[in-house]
Number of protein chains: 2
Amino acid sequence: MRGLDDTDREILRLLLADARRPFSDIAEQVDLSAPAVSDRVDRLSEMGVIRGFTVDVDRSLLHSGVPVLVEIDAEPGRAGAIRDALADVEAVEHVFRTADSRVTLTATVPQSAVPSFLDSHLDFEDVQRYDVRLVADTEWTPGLGTADFAPDCAECGNTVDEEGVRSTLDGDPYYFCCGSCEARFVEQYETLKEEA
Amino acid sequence: MRGLDDTDREILRLLLADARRPFSDIAEQVDLSAPAVSDRVDRLSEMGVIRGFTVDVDRSLLHSGVPVLVEIDAEPGRAGAIRDALADVEAVEHVFRTADSRVTLTATVPQSAVPSFLDSHLDFEDVQRYDVRLVADTEWTPGLGTADFAPDCAECGNTVDEEGVRSTLDGDPYYFCCGSCEARFVEQYETLKEEA
DNA sequence: CGTGAAAGGCATTAGCC
DNA sequence: GGCTAATGCCTTTCACG
């Protein structure tokens, strides 16, 4: 399994800065041909490193409501359910689940709905406490650092190294530290899918 | 000053989902010609609604460290300074400042640096309390809702309506509720620029 | 993994309504 | 503002190393 090299990182950095920059342009910067860049972008997409291409929209110009940041302390084991319920809400943009059963999210909601917008989306059985804060400003700096490719094994959670394998299940890439983890995962995956 | 119509919103929505989708494709969806879509995208860029095009990178696959979410309670009036100091840190991706002197940020830091990475970037005189949490997972759903275009006047802060004006200063768009606000702002801008 | 050449698709311009 | 037609660029495919 291949990781990322400096060229991959440079391509990512250039695309982060401007995702519509022509590949031929990028090719020149990284000393490759345009098809080579195209191939690498494809590979990064297959790997799941590139999830997609988007627009950076300045939401501060689009008053569809008030930006809020919500902190939710979940009942033990219920943070995942809360995250799933909220991620699908149209007004919600970011959802962060932290290891300590806390879910933090940002959303833009109509002024009048600030106190109540969670009511219809949250099962309060799952919630210990929550807090809605008004967002004053937001910064987003899509950087990369010296990022290296080192996914977690989907089965056991260990870091996957060069020995690892990738499987594509229903179009999504999964990584495994070894063949037996892969086999175990795929088997369970198939079973769950059959049941559904 | 023109705002956003349904077609603009639909274009934004389509681009949010896939910024490389061909304009001819988008054109078909919104019942326009490709050049018309191109013109609208240009206009949205000039307005500052579209800040740029980027890649959605899955940072959970790029272990340059551990994803953390940090909550900082600032001393009164110091939240802005904290935000500015942290926004420039390479490892930091999102910074949210809420109205109650709280700064919430996400970052990816080397395992060993989790407890200490803030030390070099934070003036602890400004901090009442802070908390570093490990992020288990992240969701990002760039949605739009029924977003309408209503920027704040750069001079007085009031919402700008159709009567408002746009000025472009050094390539960046600024909005004003009226001509006198614009004049005042531009004058101050020029002065500050001369001094620098 | 990479290249260069060719083909096909796409954004953009120009002229017009 | 929008359209159609035409131009020129960009991505992608292909054959090859």
Side-chain angles (χ1 to χ4, degrees), chain A residues 1-57 61 147-149 161-166 168 171 173, chain B residues 1-57 61 147-149 161-166 168 171 173:
Chain A
M1 218 186 46
R2 251 180 86 203
L4 300 185
D5 60 18
D6 288 339
T7 304
D8 290 323
R9 275 186 285 274
E10 189 60 24
I11 291 173
L12 282 174
R13 227 169 264 124
L14 291 166
L15 285 176
L16 279 165
D18 177 9
R20 304 201 71 152
R21 186 192 295 246
F23 288 176
S24 47
D25 223 273
I26 297 174
E28 210 170 306
Q29 300 263 342
V30 299
D31 238 0
L32 280 175
S33 64
V37 172
S38 175
D39 284 351
R40 277 172 183 259
V41 170
D42 284 349
R43 205 188 81 241
L44 291 167
S45 299
E46 268 171 40
M47 288 167 89
V49 173
I50 292 179
R51 270 194 293 233
F53 296 87
T54 18
V55 197
D56 178 10
V57 171
L61 294 177
D148 206 355
F149 186 67
D161 60 14
E162 304 78 41
E163 315 273 284
V165 289
R166 179 177 72 223
T168 305
Chain B
M1 220 185 45
R2 252 181 86 201
L4 301 185
D5 61 18
D6 288 340
T7 304
D8 290 323
R9 275 186 284 274
E10 188 60 22
I11 291 173
L12 281 175
R13 226 170 262 124
L14 291 166
L15 285 175
L16 279 164
D18 177 7
R20 303 204 80 164
R21 184 192 298 242
F23 287 177
S24 47
D25 224 273
I26 297 174
E28 211 170 305
Q29 300 264 342
V30 300
D31 238 2
L32 280 176
S33 65
V37 172
S38 175
D39 285 350
R40 277 172 182 260
V41 170
D42 284 349
R43 205 187 81 241
L44 291 167
S45 299
E46 269 172 37
M47 288 167 88
V49 173
I50 292 180
R51 269 195 293 233
F53 296 87
T54 18
V55 198
D56 178 11
V57 172
L61 293 176
D148 206 354
F149 186 66
D161 60 15
E162 304 79 39
E163 313 273 286
V165 289
R166 178 176 74 221
T168 306

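The analysis underlying the following values was restricted to heavy atoms, covering all of them including side chains, and did not include hydrogens, waters or symmetry mates. Below, chains carry the letters A, B, ... as their sequence lines are ordered, and counting in each starts from 1.
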Nucleic acid contacts of residues 17-28 of chain A, taken as heavy-atom distances under 4.0 Å to DNA chain C: A:Arg20
Any residue of residues 42-55 of chain A with a heavy atom less than 4.0 Å from an atom of DNA chain D: none
Sequence neighbours excluded and cut-off under 3.5 Å, please list the side-chain donor-acceptor pairs for residues 3-18 of chain B, or say none.
| unit_1 | atom_1 | unit_2 | atom_2 | d |
| --- | --- | --- | --- | --- |
| B:Asp5 | OD1 | B:Thr7 | N | 3.1 |
| B:Asp5 | OD1 | B:Asp8 | N | 2.8 |
| B:Asp5 | OD1 | B:Arg40 | NH1 | 3.0 |
| B:Asp5 | OD2 | B:Arg40 | NH1 | 3.1 |
| B:Asp5 | OD2 | B:Arg40 | NH2 | 3.2 |
| B:Asp6 | OD1 | B:Arg9 | NH2 | 2.9 |
| B:Asp8 | OD1 | B:Arg40 | NH1 | 2.8 |
| B:Asp8 | OD2 | B:Asp5 | N | 3.2 |
| B:Asp8 | OD2 | B:Arg43 | NH2 | 2.9 |
| B:Arg9 | NH1 | B:Ala147 | O | 2.8 |
| B:Glu10 | OE1 | B:Arg13 | NH1 | 3.3 |
| B:Arg13 | NH2 | B:Gly145 | O | 2.8 |
| B:Asp18 | OD1 | B:Arg20 | N | 3.0 |

Residue-phosphate contact under 4.0 Å: B:Ser38 side-chain N/O, C:dA11 OP1/OP2: no
Report, one pair per line, the protein and nucleotides 3-8 of chain C atoms (nitrogen or oxygen only) whose separation is under 3.5 Å.
| unit_1 | atom_1 | unit_2 | atom_2 | d |
| --- | --- | --- | --- | --- |
| C:dT3 | OP1 | A:Ser33 | N | 3.3 |
| C:dT3 | OP2 | A:Ser33 | N | 3.0 |
| C:dT3 | OP2 | A:Ser33 | OG | 2.5 |

Contact interval (first through last nucleotide) of DNA chain D with protein chain B, 4.0 Å heavy-atom: D:dG1 to D:dT11
Spacing of [atom1] belonging to [X] relative to [atom2] belonging to [Y], to within rounding of 0.5 Å:
X: B:Phe23; Y: B:Leu32; atom1: CZ; atom2: CG; result: 12.5 Å
X: A:Gln29; Y: A:Ser24; atom1: CD; atom2: OG; result: 11.0 Å
X: A:Asp148; Y: B:Leu61; atom1: CG; atom2: CG; result: 11.5 Å

Partner set under side chain to side chain contact (heavy atoms under 4.5 Å, CB included) for A:Asp42, not counting sequence neighbours: A:Ser38
For A:Pro173, side chain to side chain contact (heavy atoms under 4.5 Å, CB included) partners two or more places apart: A:Arg166, A:Tyr175
B:Ala19 versus A:Val55, closest heavy-atom pair with distance: CB-N, 4.2 Å
Exercise: identify the closest heavy-atom pair between B:Ala27 and B:Val37: CA-CG2, 3.5 Å
Salt bridge (Lys or Arg N to Asp or Glu O under 4.0 Å) involving A:Glu28 - partner list, sequence neighbours excluded: none
